[in-house]
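Notes follow once the structure below has been shown.
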Amino acid sequence: MRYLILSDIHANATALEAAMAAAEGRWDKIICLGDVVGYGPDPNEVVDRVRKMDVAIIRGNHDKAGSGLANADDFNPVARAVALWTRDQLRGENREWLEQLPAGPLAMDGFVMVHGAFRDEDEYVFAPAQAIDSLLDAPAQITFFGHTHLQGGFTLHDNKVGVLHLKPGASDLYSTLSIDDDTVYLLNPGSIGQPRDGDPRAAFVIADLEKKSVEFWRVPYDIESVQKRMGTCGLPEPLIMRLAYGR
Ligand code: ZN
């Protein structure tokens with residue numbers, strides 16, 4: 001079974017379409033690690049698209065805030081403004097769909113999905129010291145997580161935590177990780193709609209665990225068209241600018 005693993009789409013329909021086009025014919029089952037909405041200009045389009053997929057999905061913090069399930073008081077002012085705008089834009093059925101998304105962790109065949117971390121769906125795992133709990137808690141050899149928008153991940157091998165540097169180069173579409181039987185993995189596909197690791201291309205993963213292969217993909221998309229829509233919607237300028245830098 002080949003899995004297409006999406007995370008942090010963040011209401012960016014153009015990035016999602018580019019990723020789906022690049023991945024076409026390369027996967028059998030799709031999973032999503034949450035944050036379907038927030039930050040981007042296309043909440044209804046993206047929710048419509050994801051709802052039509054036969055997808056295994058868990059919620060992210062922006063799905064809770066955008067649907068109104070959680071207030072956005074712990075968001076920074078810019079993120080909060082967009083969460084409230086998103087809530088306003090969403091059609092009722094899309095808001096309800098977001099509201100009923102399950103919290104992680106969600107166990108799949110051979111791996112587990114979380115949005116942030118095992119103990120707290122909203123926790124950010126940026127560094128090895130933060131990864132160790134999730135690596136030790138993991139009920140499966142491989143956990144896929146999102147939330148940080150940083151493609152890559154962490155390993156636990158011989159009681160040592162390692163950092164994986166797997167981002168494909170500027171001229172490459174993907175780089176491949178070979179899964180080692182004696183290692184536990186915490187892997188982040190990166191963000192479709194708002195990358196923050198310095199590469200503005202849409203990020204995702206294609207995993208074939210029978211072949212012990214995990215591909216970390218980056219696909220270019222028309223960033224300017226998304227920035228224009230964000231401007232038309234009156235979304236905050238810093239969010240518009242950061243798409244071009246992938247920061
Ligand atoms: Zn996110």
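One-based numbering, in listed order, for ligands and for the atoms of each. The first residue in the sequence is number 1, and the count goes up from there. What you see below is based on every heavy atom in this structure, not just the backbone, and it leaves out hydrogens, waters and symmetry mates.
- For Y3 and F111, the ring centers are positioned less than 6.0 Å apart.
- Annotation: angle subtended at the Zn ion (ligand 1) by H10 NE2 and D8 OD1 is 100°, to 10°.
- Within the coordination shell of the Zn ion (ligand 1), defined by N, O or S atoms under 2.8 Å, H147 is absent.
- The Zn ion (ligand 1) lies at 2.8 Å or more from every N, O or S atom belonging to H62.
- The main-chain N or O of D182 is found under 3.5 Å from a side-chain atom of H157 such that the two form a donor-acceptor pair.
- Nearest N, O or S atom of D35 to the Zn ion (ligand 1): atom OD2.
- When hydrophobic clusters are built by joining Ile, Leu, Val, Met, Phe, Trp and Tyr residues whose side-chain heavy atoms come closer than 4.5 Å, directly or via intermediates, W27 is grouped together with I57.
- Salt bridge D199/K167: absent, no basic N to carboxylate O contact under 4.0 Å.
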